[in-house]
Amino acid sequence: MSPPSAAVGVLVALAAGACTSALAQTATPLHLLTHEWAQGFAVLLLGAVSVTGLREAQRQEPALAAARTLLYGLLGSLGALLGHLAWNAGLHGCRTGGAPLFFWSTVLPIVMLATVLGVAASRAARPWRVLVGGLLALVVACVVHDVGQALSGIRLVDPIIGELLALDQRADMSLRPVHLAQRAWLAAASAALWWGLSARWSPSAATLLRARVGAAAVLGATLLGGSHLGLGWSHAALRSELDGVLLTEHFELRYRAGGQAALHVDAIAEEAEWQLHRLAEAWDHEHPVRIRLNIYDNFGELRRISGGSSARAGLNWVDLRWWDAFDDTLAHELVHAIHWSAWPNPLIVGSRFHLEGTAVAWAEDLTVLPEAHRETAGALASDKLPPLAALLSPTGFVDLPERIAYDASGSAIGFVVQRYGWEALFTWQRTLSTEAATGKTVAALDAEWRAFLREVPTKLADVAKARERFDTTLWPSYRDRRCPKLGRPTEVAHARAERLLRVGHPAAALALYEEMLANKSKPQWVHEAARALAELGRLEEARTLLTEGRDDAPEDQVAKLWDLERLLALRERDWPRVEAALLARLAQEPDQEQLSTLLEVLTQESIREDVAEALLAARNEETGDRLLTLAQAHPELESLRRLALGHLVLSTQPYRRVLSRDDAQRLERFLELLDVVPEACDSRRKQLGSVGRQLARGGELGQAAHIADALATACAHPRANLHGQLLRDRLAWLASRSE
């Protein structure tokens with residue numbers, strides 16, 4: 001049987017590629033030109049092109065068979081790419097950006113490798129068995145390679161399978177240097193393999209020389225390329241870039257010796273040891289292996305060296321930027337770093353609910369305090385909280401927006417720990433069975449979680465914040481976004497309107513808000529449209545809109561409208577309207593101490609003009625300083641001192657060991673007021689805790705202890721008390737380490 005004409009082969013290849021693209025329209029997320037599509041199509045090509053190469057080589061000599069197979073593979077890829085570009089631009093209206101470059105860089109070396117494998121298999125005694133066995137072995141090798149990378153802390157993934165199974169929502173379509181290096185290595189390895197086979201099939205001095213040079217070049221790149229090339233398990237590239245090293249009892253910190261991270265490495269080491277100490281006590285788990293912290297100067301350095309896109313962790317390693325060590329990020333990632341060793345179960349790898357939920361729950365105090373669940377309690381109150389079954393689903397973090405899935409999963413895990421204890425969570429993670437861990441079905445546990453959240457004290461501001469944060473129509477999931485990773489030709493209306501208002505274009509923002517209101521959209525747009533009207537000086541229209549908007553809005557949205565009403569009245573010095581707005585809010589929430597304090601202060605006619613000017617200052621720091629000056633000038637007014645405490649900004653830089661002169665003076669004045677009205681510390685508990693940690697890190701243990709006592713005993717809020725006790729524990733831990 002004679003081989004088909006080139007024209008027929010070309011048409012078949014183009015049609016096959018286009019049909020594959022059309023079929024992908026039925027599967028999310030493969031219907032767009034994302035990296036999942038590029039990697040998935042590459043896997044298909046690996047099989048299809050190999051088979052084509054085998055059949056072509058059975059009909060004609062190897063060089064011609066390879067040329068025709070390579071041509072068909074590239075034309076099929078072109079058909080698939082053109083088809084996807086047409087779907088993306090025509091049906092979905094998406095911008096493709098750098099997606100074609102990522103596609104070709106992925107597909108081209110795969111076509112080369114598949115061609116070589118197919119033609120080579122044709123020379124075997126049983127070619128089909130050899131080909132199928134070789135392809136299976138290659139896929140298995142890729143999986144082993146990826147697991148090896150994850151365990152070694154590289155995680156650049158192979159260029160054949162890529163992160164197809166990960167469905168990484170954060171991966172964009174840009175071609176990173178590490179991607180290009182991997183794919184260039186694969187193309188070079190395919191060429192070297194072909195030269196080696198050619199030397200066997202038709203030996204000559206030229207082919208033998210090419211084969212030897214090619215093999216030596218690929219082998220050298222594999223050995224010298226470290227984490228970026230070849231097997232990719234070596235830390236050579238990482239160590240050459242992060243050439244500084246600091247060893248502590250439990251950590252190996254790597255950083256660039258001449259970089260910004262080097263200036264803070266001692267403080268980062270102390271913070272890491274403290275966070276691990278807390279985890280060890282809570283979990284009763286002494287971690288046996290030193291954890292590697294790879295600390296980067298900035299996002300670009302992290303991305304270039306590690307191949308990652310943000311702070312991340314694997315078994316006994318963490319990648320993070322240096323400033324991530326001074327917020328919740330380090331605590332979050334440390335949970336990931338020791339998770340598997342604490343309660344090993346390979347199946348947990350597929351459960352982002354357990355992996356991310358546990359990290360969020362620990363880092364945000366959700367395992368300790370019911371009050372830490374205020375945001376998810378607000379989501380429940382606004383009927384926005386997703387069910388537990390959706391979070392537990394293998395596709396939960398794809399079907400739900402990531403931010404919602406993270407927050408809700410953390411709350412659910414935190415509830416289980418508070419209700420059933422850490423051992424129950426360990427059992428759940430080992431068995432992945434809610435009944436084995438809690439004795440409850442998923443539905444029953446969901447009902448218990450919701451009952452727990454209903455008992456969490458919330459404010460209307462919490463409900464209003466959660467109503468927006470957990471709204472899947474405002475923050476669609478990966479599946480629901482029209483152009484995930486590729487971008488849209490225009491912004492979503494509410495996001496564009498908010499941005500316009502923020503950068504000083506209230507007229508354009510108002511036009512968008514009015515359009516949304518005309519479509520009977522969310523009640524919250526009443527608040528935003530009134531803000532835009534106020535910025536334009538159309539205060540009467542703004543007040544009218546606020547009055548009308550209160551008629552059919554939920555209570556939490558009504559609270560926001562009254563707060564804006566108060567602000568507008570304050571600008572006009574319309575004191576009766578200010579009082580009416582405050583009284584209306586206090587009728588909704590009588591226990592709002594800040595509101596009652598403001599009402600009391602504004603009844604003092606001699607100072608209310610100065611108070612209004614302070615409250616309307618452009619910068620929060622200026623507001624606090626002005627109110628503090630007023631409070632010192634009127635020591636007889638305790639309500640004014642309370643108001644000043646509520647607005648005084650404690651500016652902190654947690655990575656520094658000492659406070660600046662201005663910050664130290666502001667803290668001193670804050671503590672003087674706090675000694676007079678200690679229960680007023682709740683309004684600044686987060687800033688106060690941050691300052692306390694900074695002072696402890698700098699050796700100012702006396703002032704840090706003063707702050708710890710204020711937080712632990714004087715503040716009324718349980719979360720402030722917890723942070724005060726944690727600061728006390730940190731001081732005791734530091735003292736024990738210095739002995």
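Keep in mind that what you see is a predicted model, and the values were worked out from it rather than measured. Residue numbers run from 1 in the order of the sequence given.
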Could you work out, with salt bridge (Lys or Arg N to Asp or Glu O under 4.0 Å) as the rule, every residue matching R210, not counting sequence neighbours?
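Residues passing salt bridge (Lys or Arg N to Asp or Glu O under 4.0 Å) with R210: none at all.
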If you measure from the Lys or Arg side-chain nitrogens to the Asp or Glu carboxylate oxygens, is any gap between D243 and R254 under 4.0 Å?
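Salt bridge: no.
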Can R256 and D297 be counted as an ion pair, charged N to O under 4.0 angstrom?
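The answer is yes: the pair qualifies as a salt bridge.
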Should [X] and [Y] count as side-chain neighbours, where that means a heavy-atom distance under 4.5 Å?
X	Y	result
L400	T395	no
F470	L385	yes
P100	T96	yes
L81	F41	no

Distance from [X] atom [atom1] to [Y] atom [atom2], nearest 0.5 Å?
X	Y	atom1	atom2	value
R469	L474	CZ	CG	12.5 Å
L82	L14	CG	CG	8.0 Å
L54	S122	CG	OG	6.0 Å
L32	Q25	CG	CD	7.0 Å

Main-chain N/O of [Y] paired to [X] side chain as donor or acceptor, under 3.5 Å:
X	Y	answer
T329	A325	no
T358	L355	no
S477	D399	yes
W525	E515	no
Q39	I160	yes

Cationic tip of R123 above W201 ring, under 6.0 Å, 45° of axis
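Yes, R123 lies over the aromatic ring of W201.
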A cation-pi test, strictly: NZ or CZ of R352 under 6.0 Å from the centre of the six-membered ring of Y406 and no more than 45 degrees from its axis. Yes or no?
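No, R352 does not sit over the ring of Y406.
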[X] and [Y]: which non-hydrogen atoms are nearest, and at how many Å?
X	Y	value
G118	L131	CA-CD1, 4.2 Å
A66	W194	CB-CH2, 3.6 Å
E528	L501	O-CD2, 4.2 Å

Listed once per pair and sorted, the side chain to side chain donor-acceptor pair (under 3.5 Å) pairs that draw on residues 7-24, sequence neighbours left out:
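Passing the test, one end in residues 7-24: S21-H84.
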Who passes side-chain hydrogen bond (donor to acceptor under 3.5 Å, both in side chains) against [X], sequence neighbours left out?
X	answer
H336	H332, E356
H354	Q429
E498	none
T52	none

Report yes if the distance between the aromatic ring centroids of W87 and H31 is under 6.0 Å, otherwise no.
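No - the distance between ring centres of W87 and H31 does not fall below the 6.0 Å cut-off.
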Check whether the ring centres of F397 and F353 lie less than 6.0 Å apart, and answer yes or no.
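Centroid separation for F397 and F353: 6.0 Å or greater.
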